[in-house]
Number of protein chains: 2
Amino acid sequence: MLNIGEVARRGGVSVETLRYYEREGLVEVAGRNANGYRRYGDDAVRQIRFIKHAQEVGFTLKDIKELLSLKADPGASCCDVRGRAEEKIREMEAKIAVLERMRSILADWAAACPDTGPVSRCPILDALENEMDERRGGMSCLPPGRGA
Amino acid sequence: MLNIGEVARRGGVSVETLRYYEREGLVEVAGRNANGYRRYGDDAVRQIRFIKHAQEVGFTLKDIKELLSLKADPGASCCDVRGRAEEKIREMEAKIAVLERMRSILADWAAACPDTGPVSRCPILDALENEMDERRGGMSCLPPGRGA
DNA sequence: CTAACCCCTAAAGTATACTTCAGGGTCAAG
DNA sequence: CTTGACCCTGAAGTATACTTTAGGGGTTAG
Ligand SMILES: [Zn+2]
Ligand SMILES: [Zn+2]
Ligand SMILES: [Zn+2]
Ligand SMILES: [Zn+2]
């Protein structure tokens with residue numbers, strides 16, 4: 001049985017984070033001692049590392065809560081877990097696609113910018129000022145059905 | 001001179017967003033009428049579209065405030081603007097790299113998961129429970145100098 | 001005994017970009 | 001004169017994952 005500080009040290013998180021995880025239902029406390037101090041079993045440290053590893057690959061705490069439920073549920077199947085992973089992969093691919101598109105547009109603009117002279121003739125600012133909504137599709141900032 | 005509602009419609013944002021932009025110093029009001037209603041010049045709509053376009057390519061409102069300052073500053077050079085764009089490109093590349101790394105790890109795990117059977121033998125949960133910190137480098141969740 | 005260090009709670013703050021709420025004037029039409 | 005659409009302010013709420021603050025008790029070494 002460990003105090004919160006020791007669990008925090010071994011898990012690589014702060015005690016505040018541990019209390020936060022407890023509030024959020026991610027880590028359970030085994031019990032309390034006479035002073036009201038939290039006592040943790042050693043599975044707590046494993047649990048915290050699970051959480052941190054899951055965060056490292058992109059799961060949110062909400063996701064992780066679900067993963068922990070699956071892990072604890074003897075009726076759950078491997079398939080459920082893989083489903084979560086695949087969903088997360090799709091989310092990431094969507095985010096990557098958005099970022100790639102933005103990066104590519106910015107890169108084009110940066111290439112067009114002469115890098116000298118006044119801002120009044122900067123093609124980047126021009127591009128931002130004028131329409132570019134049809135470019136590559138799906139970047140509309142205007143209300144639908146209203147041309148310029 | 002336009003009321004806030006008309007500017008919102010033409011700009012494709014809500015009136016609350018406009019008031020928010022005003023508080024944040026992104027859009028100036030030309031004046032007020034006798035009732036205290038905001039009156040906007042028609043450059044306001046252009047300004048809002050600038051903001052929206054800049055967001056579409058990944059600039060934050062903070063970035064955009066700087067871009068607007070540069071745009072308004074006759075002493076600023078094109079170079080400054082390009083600098084912001086290139087910095088943003090680097091930020092995006094960093095984010096993309098992180099996402100790619102996470103995606104690739106998850107994809108490997110998902111491929112290893114048999115997708116049948118109980119969660120107790122799921123390689124994804126196994127991977128999350130056990131160490132994977134040395135994999136691909138730089139994913140440590142542990143405090144430095146503390147092995148297992 | 002007291003400093004240093006551990007623990008406790010509840011609430012508020014952080015960052016971002018807004019939205020929603022509460023409460024209340026203004027204006028044109030019918 | 002009322003209805004509905006519009007405008008105003010200031011404050012709080014949203015989502016995420018924590019951190020910080022405020023205020024206070026417990027334990028141990030010197
Ligand atoms: Zn599995
Ligand atoms: Zn646009
Ligand atoms: Zn330029
Ligand atoms: Zn790790």
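Throughout, a chain's letter reflects where its sequence line sits, starting with A, and its residues are numbered from 1.
A side-chain contact (heavy atoms from CB on, under 4.5 Å) with A:D63 is found for exactly one of A:K88, A:Q55, A:E87, A:R84, namely A:K88.
Regarding A:K62, its NZ atom lies at a distance of 12 Å from the C1' atom of D:dT16, rounded to whole Å. Per the geometry, CD belonging to B:E22 stands 13 Å off C1' belonging to D:dC7, to the nearest Å. Protein atom CG of A:L18 is 16 Å distant from nucleotide atom P of D:dA17, rounded to whole Å. Atom CD of A:E91 and atom P of D:dA15 are 16 Å apart (whole Å). Atom CG of B:D63 and atom P of C:dA15 are 15 Å apart (whole Å). The distance between atom CD1 of A:I4 and atom C1' of D:dT27, rounded to the nearest whole Å, is 17 Å. One atom, OH of B:Y20, and another, C1' of D:dG13, lie 14 Å apart when rounded to the nearest Å. Taking atom CD1 on A:I51 and atom C1' on D:dC18, their separation rounds to 13 Å, with Å as the unit.
Between A:K52 and D:dC18 there is a side-chain polar atom (N or O) within less than 4.0 angstrom of OP1 or OP2. The phosphate of D:dA17 has neither OP1 nor OP2 within less than 4.0 Å of any side-chain N or O from A:Y21.
For the pair A:R19 and B:S14, both in contact range of DNA chain C, the more 5′-proximal nearest nucleotide belongs to A:R19.
A donor-acceptor contact closer than 3.5 angstrom links the side chains of B:N3 and B:R39.
Within a 6.0 Å radius of CG in A:D42, no more than 12 heavy atoms belonging to other residues, nucleotides or ligands are found. Counting non-hydrogen atoms of other residues, nucleotides and ligands closer than 6.0 Å to CD of A:E16 gives a total above 12. The environment of CD in B:E100 is crowded: more than 12 heavy-atom neighbours from other residues, nucleotides or ligands sit within 6.0 Å.
Counting heavy atoms from C-beta outward, A:Y40 and A:L18 have side chains that approach closer than 4.5 Å. With contacts defined as side-chain heavy-atom distances shorter than 4.5 Å, the pair B:E22/B:R38 qualifies.
Heavy atoms of A:E24 sit nowhere under 4.0 angstrom from any nucleic acid atom.
Listed candidates were D:dT19, D:dA17, D:dC7. Nearest to the side chain of A:E16 is D:dT19.
Only A:N35, A:Y37, listed by number, bring a heavy atom of residues 25-38 of chain A to less than 4.0 angstrom from any atom of DNA chain D.
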